[in-house]
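So the structure is just underneath, and the comments pick up after that.
Hydrogens, waters and symmetry mates play no part in the numbers below; they use all other heavy atoms, side chains included. The residues of the chain are indexed from 1 along the displayed sequence. Both counts, for ligands and for their atoms, begin at 1 and track the order of listing.
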Amino acid sequence: MTMTNTTDYQLVALDPAAADVLRARGGIVYIADEKPGFPCRQCLRDAEIGEAMILVSHDPFEGTSPYRCASPIFLHRETCVRESADTLPEQLTGRRLSVRAFDADEMMVDAALIEGHDLAATIVDLLANADVQRLHIHNEPRGCYAASVHRR
Ligand SMILES: [Zn+2]
């Protein structure tokens with residue numbers, strides 16, 4: 001497992017309160033029938049077969065960036081807990097990813113298409129650019145938003 005709780009950056013999952021708001025609004029309900037295949041964006045683990053999930057829409061941007069885009073995400077239907085913020089989860093390291101780098105104005109300044117096992121090195125590479133403030137990680141090929149990386 002790769003450490004994420006470094007002095008340089010933090011891997012940020014969907015905030016539990018924001019996830020509960022999305023749950024309260026409802027969504028398309030699925031019962032996971034394969035694993036991996038239903039990646040929860042709050043606890044950052046893939047559903048076990050038989051777990052109830054909802055498919056909802058989430059926009060990870062905070063400002064008025066022209067890159068704003070709501071993305072489909074899965075959440076456990078019931079409130080869940082992220083077990084560890086200290087490691088890059090298999091949900092990310094086991095998938096092909098698009099990692100998009102944004103500056104303080106939420107303008108894209110760089111991006112990389114990678115295999116998940118290269119995620120830790122990619123984060124370090126992209127954050128080497130002092131203009132980069134945040135990264136958005138998306139699954140490939142479907143493009144679903146996965147998680148963010150914040151510079152400390
Ligand atoms: Zn979950």
- request: Flag yes if more than 12 heavy atoms outside Arg151 fall under 6.0 Å of its CZ atom; otherwise flag no.
  value: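 Yes.
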message: For a quick check under 3.5 Å, do Ser98 and Arg100 share a side-chain donor-acceptor pair by atom type?
response: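 Yes, because at least one side-chain N or O of Ser98 sits under 3.5 Å from a partner of the opposite role on Arg100.
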- request: Compute the centroid of each ring, for Phe38 and then for His76, and state whether the two points are separated by less than 6.0 Å.
  value: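 Ring centres of His76 and Phe38 not closer than 6.0 Å.
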query: Given the side-chain rings of Tyr9 and His150, with only the six-membered ring counted for Trp, is the space between their centroids under 6.0 Å?
result: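 Aromatic pair excluded; centres sit 6.0 Å or further apart.
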field: Salt-bridge present (Arg45, Glu51; N to O < 4.0 Å)
entry: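 Salt bridge flag = yes for Glu51 with Arg45.
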message: Check this for me, if you would: do Lys35 and Asp46 make a salt bridge, where the nitrogen-to-carboxylate-oxygen distance has to be below 4.0 angstrom?
response: no
query: At distances under 2.8 Å, what protein N, O or S atoms surround the Zn ion (ligand 1)?
result: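 Listed by chain and number, the nearby protein N, O or S atoms are Cys40 SG, Cys43 SG, His76 ND1, Cys80 SG.
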